[in-house]
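Working notes, beginning with the structure itself.
The chains referred to below are lettered A, B, ... by the order of the sequence lines, with proteins before strands, and numbering in each begins at 1.
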Protein chains: 2
Amino acid sequence: MGRTDDHDHPGHRSASPGALAHRVPDLGALELLLAVARLGSLGGAAREVGITQPAASSRIRSMERQLGVALVDRSPRGSRLTDAGALVTDWARRIVEAAEAFDAGAQALRDRRDSRLRVAASMTIAEYLLPGWLLALRADRPDTAVSLLAGNSAAVAERLLSGEADVGFVEGLTVPAGLDSAVIAHDRLIVVVAPSHAWARRRRPIGAEELAGTPLILREKGSGTRQVLDAALGGLARPLIELSSTTAVKAAAVGGAGPAVLSELAVGEELAMRRLVRIPVDGIALARDLRAVWPTGHRPTGPARDLLSLTRG
Amino acid sequence: MGRTDDHDHPGHRSASPGALAHRVPDLGALELLLAVARLGSLGGAAREVGITQPAASSRIRSMERQLGVALVDRSPRGSRLTDAGALVTDWARRIVEAAEAFDAGAQALRDRRDSRLRVAASMTIAEYLLPGWLLALRADRPDTAVSLLAGNSAAVAERLLSGEADVGFVEGLTVPAGLDSAVIAHDRLIVVVAPSHAWARRRRPIGAEELAGTPLILREKGSGTRQVLDAALGGLARPLIELSSTTAVKAAAVGGAGPAVLSELAVGEELAMRRLVRIPVDGIALARDLRAVWPTGHRPTGPARDLLSLTRG
DNA sequence: CTCGCGGCATAAGCTGGGGTTATGGGCAGA
DNA sequence: TCTGCCCATAACCCCAGCTTATGCCGCGAG
C-alpha cells in the first residue's frame with residue numbers, strides 16, 4: 001500500500017528515491033558537453049552531434065539550470081569550460097564511456113544472423129571484457145558486425161562445434177573436448193575487505209588454512225568463482241553469507257560485512273578508489289586462465305583473428 | 001520535423017557518428033530495468049520508480065525494440081530476465097553507477113551556501129575519489145548537504161584558512177602552511193603500456209635511468225603528475241608527446257603509442273581489463289600522499305569527521 | 001466453483017522537452 | 001566598414017512518455 005499519495009514521500013526514503021534520471025542530464029546532453037569541451041564552441045559541438053546551434057545552446061543552458069552550476073563561459077569568440085564545468089565533464093565522460101561499452105555489447109547481442117563474426121563467451125568474460133574488446137575492434141575494423149552469445153563453457157563448446165560461432169571465450173579450469181585454446185588473460189580470484197576491516201592493516205599474507213577457517217562473503221555454491229575457490233581450498237570455503245550476484249557480494253564487502261572473494265575483474269575500480277583493499281593470499285592458486293577457444297584445427301581467421309589479436313595484444 | 005537529411009548517412013561516417021544517445025536507452029529506462037531485475041515484476045518496478053504499470057510495460061517494450069533483443073520473459077505470474085537481459089542489465093548497472101557518482105558530485109557542486117559540510121579538494125581527488133565518498137556519506141548520513149570546491153593546493157588552503165571550507169583534500173609533496181593533515185591514501189604514479197608493447201612481456205622492473213632515458217607519454221609540464229615524476233627523476237623525464245588531459249594520455253597509451261605515466265587512480269579499470277599493463281619501476285618513489293587537511297588546531301568535527309572516517313576506514 | 005487479486009497488455013488522450021527555422025547583436029580581423 | 005564566427009531569443013512543431021480506463025489470464029482462498 002502506501003501509494004495513491006505518492007506526492008513526494010518527504011524523506012522517509014533513505015536517500016535518492018530513484019529520481020536519478022531527473023537529476024542527471026541525459027546521454028545526449030552529456031555527449032554534447034564533451035563535444036563542447038573538446039571543440040571550445042557551442043556551434044561546433046552542435047555540428048558534431050548533428051543538431052543546430054540554438055538547440056545546443058538551449059540544451060547546455062537547461063543542463064546548467066538542472067545542475068545549478070555554470071558549466072561554460074560563453075564569449076563572442078567561443079566557449080570554454082568553467083572550473084566546475086571541467087569537473088562535471090570528467091564525471092560525464094565516465095557515464096559516456098559506460099554507455100559506449102553498453103552500446104557495443106548490445107549491438108553484438110542483437111545482430112545474430114548476418115554477422116561476420118560470431119562470438120560465444122562465458123558470462124564473466126561477456127560482462128566485463130567483451131564490451132571493451134568490441135570497442136577496440138570497432139576502432140580497428142569499423143564495419144565488422146559482431147554477434148554475441150553468452151553461456152557457460154558447455155554452451156560455448158556446443159556453438160563452436162556446431163559451427164554457430166567462430167570463436168569462443170571460456171574461463172575455467174579445463175578446456176572442453178574438441179577445442180583448441182590459447183590463454184589470453186588470467187582471472188585471479190582475490191580476497192578483499194573494506195578499508196575499515198582489521199585485515200586491511202595486516203602486513204603478512206593470509207594462509208590457506210586461515211582463509212578456509214574464516215567466514216567469507218561468497219557467491220552461491222555452483223557459481224564459477226565459488227567452484228574455483230572450493231577447488232583451491234579443497235571444498236572447505238566457509239560462507240558468512242552467500243549472495244547470488246557479484247554486485248551484491250561487492251556491496252556487502254564495501255559495507256564492511258567481512259572479507260569477500262571476487263574476481264579481480266569485478267573490483268578494479270573499487271581497488272583504485274580504495275573502497276576495497278586487496279589481501280594477499282599465500283600458498284594457494286586462485287588464478288584461472290581465460291582462454292580463447294575454437295574447434296580443433298580450425299584456427300581462427302579473418303575477423304576472429306583480429307579480435308584475438310586485440311585480446312592478446 | 002526538421003529532418004533535413006537525417007535519413008541515415010549510409011556508413012561513410014567511420015564508426016559511431018555520435019548517435020550514442022539514440023542507441024542506448026536513457027537513464028530512466030535503465031533504472032527501470034534494474035528494478036525489474038531486482039523485483040521480478042514490471043508493476044513492482046513501476047511502483048518503485050514512481051510510474052504506472054502501463055508506462056513501465058511500454059518503456060521496457062520500447063527498450064527491447066530499440067536494442068533488438070528480448071530482455072524479460074513476461075508471464076501472468078511475474079517477469080524474469082532473459083539471459084540476454086541479464087547481460088544487458090549488468091552493463092546497464094555500470095552506466096547507472098557512473099550516473100550516481102555524477103549525481104553525488106554535481107549535487108555537491110551546486111549547494112554552495114547552506115550546506116552543512118563544505119569541502120575543498122584538489123582536482124584529481126575531486127575527479128576520482130570524492131564522488132565515491134559522497135555516495136558512501138549519503139548512505140550513512142542521508143541528509144548531509146555537501147558543497148564542493150575544486151582547485152589546486154593553494155586554493156584549498158585559502159578556503160580552509162578563511163573559514164569557507166570545513167575540510168580539504170590535497171595531493172602533493174608538501175602540506176600548505178597553517179594546515180594540519182592526515183594521510184588518507186597513497187596515489188602512486190605507475191608506468192603503463194599497451195599489452196602489445198614490448199615492455200608488457202619483460203619480467204624485470206624498469207630502473208630509474210632506463211625510465212628517464214625512454215620517451216614517455218606525459219601530461220604537460222606543470223601538471224601535478226608531471227611535477228611528481230620530474231621530481232622523482234630529477235627533472236629528467238623525456239616526453240614522447242605531451243598531452244593536456246589524463247584521458248588523452250590514457251587513450252594514447254591504450255593505442256600503443258608508448259609507455260605512459262599516470263596516476264593509479266586513473267587506470268584501475270583499464271588494468272583490470274588488461275587494456276593496459278602495469279610495469280613495475282625500481283628504485284624511485286613515484287608515490288605521493290593524498291591528505292586530508294584542516295586549519296591547524298581545528299580538528300574536523302561533525303559531518304567533516306564522518307567524511308574523514310569514510311576515507312580512512 | 002467462483003471470487004478476488006496480482007500481473008501484463010492495449011487504447012486513447014495530454015503534455016512538455018527538445019528540435020527546427022528565422023533573426024539579432026557583439027567582437028575580431030581584412 | 002564589412003564580413004565571418006560566435007552566441008541568444010522567439011515562435012512553432014512533434015513525438016516520447018505519462019496517465020487513466022479497460023480487458024485477459026492464472027492462481028489460491030473461501
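- One interatomic measurement links the two molecules: CG of L71(B) to P of dC8(C), which rounds to 15 Å at whole-angstrom precision.
- Residues that satisfy the salt bridge (charged side-chain N to carboxylate O under 4.0 Å, His left out) test with R38(A), not counting sequence neighbours, are E48(A).
- In this structure, the CG atom of L32(A) is 11 Å from the P atom of dC7(D), given to the nearest Å.
- The side chain of S57(A) contributes an N or O atom lying less than 4.0 Å from OP1 or OP2 of dA8(D).
- OP1 or OP2 of dC8(C) sits under 4.0 Å from a side-chain N or O of S41(B).
- Judged purely by distance below 3.5 Å, without hydrogens or angles, the side chains of R219(A) and T246(A) pair a donor atom with an acceptor atom.
- The nearest whole Å value for the distance from the NE2 atom in H22(A) to the P atom in dG17(C) is 10 Å.
- The distance from atom CD of E64(A) to atom P of dG18(C) is 14 Å, rounded to the nearest whole Å.
- Between L42(A) atom CG and dG25(C) atom P there is a gap of 20 Å when expressed in whole angstrom units.
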Sugar-phosphate atoms are those with a prime plus P, OP1 and OP2; base atoms are the rest. Using that split, label each nucleotide of nucleotides 17-30 of chain D B, S or - for protein heavy atoms under 4.0 Å, 5' to 3'.
SSBBB----SS---
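- Per the geometry, CZ belonging to R65(B) stands 11 Å off P belonging to dT10(C), to the nearest Å.
- Partners of S263(B) according to the side-chain hydrogen bond (donor to acceptor under 3.5 Å, both in side chains) rule, which considers only residues two or more places apart in sequence or in another chain, are D187(B).
- Residue R74(A) has no polar side-chain atom (N or O) positioned under 4.0 Å from OP1 or OP2 of dC6(D).
- Taking side-chain N and O atoms only, R61(A) has a distance below 4.0 Å to OP1 or OP2 of dA8(D).
- Without hydrogens or angle criteria, S57(A) side chain to Q53(A) main chain gives no donor-acceptor distance under 3.5 Å.
- Of the side-chain N and O atoms in R47(B), one or more sit less than 4.0 angstrom from OP1 or OP2 of dG7(C).
- Within the structure, side-chain hydrogen bond (donor to acceptor under 3.5 Å, both in side chains) pairs that include any residue of residues 79-93 of chain A comprise D90(A)-R93(A), R93(A)-T247(B) (at least two apart or interchain).
- Taking the ring pair (Phe, Tyr, Trp, His ring centres under 6.0 Å) definition, one finds that W133(A) meets it with F169(A), sequence neighbours left out.
- Residue pairs satisfying the side-chain hydrogen bond (donor to acceptor under 3.5 Å, both in side chains) criterion with at least one member in residues 61-74 of chain A, sequence neighbours excluded, are listed as follows: E64(A)-R74(A).
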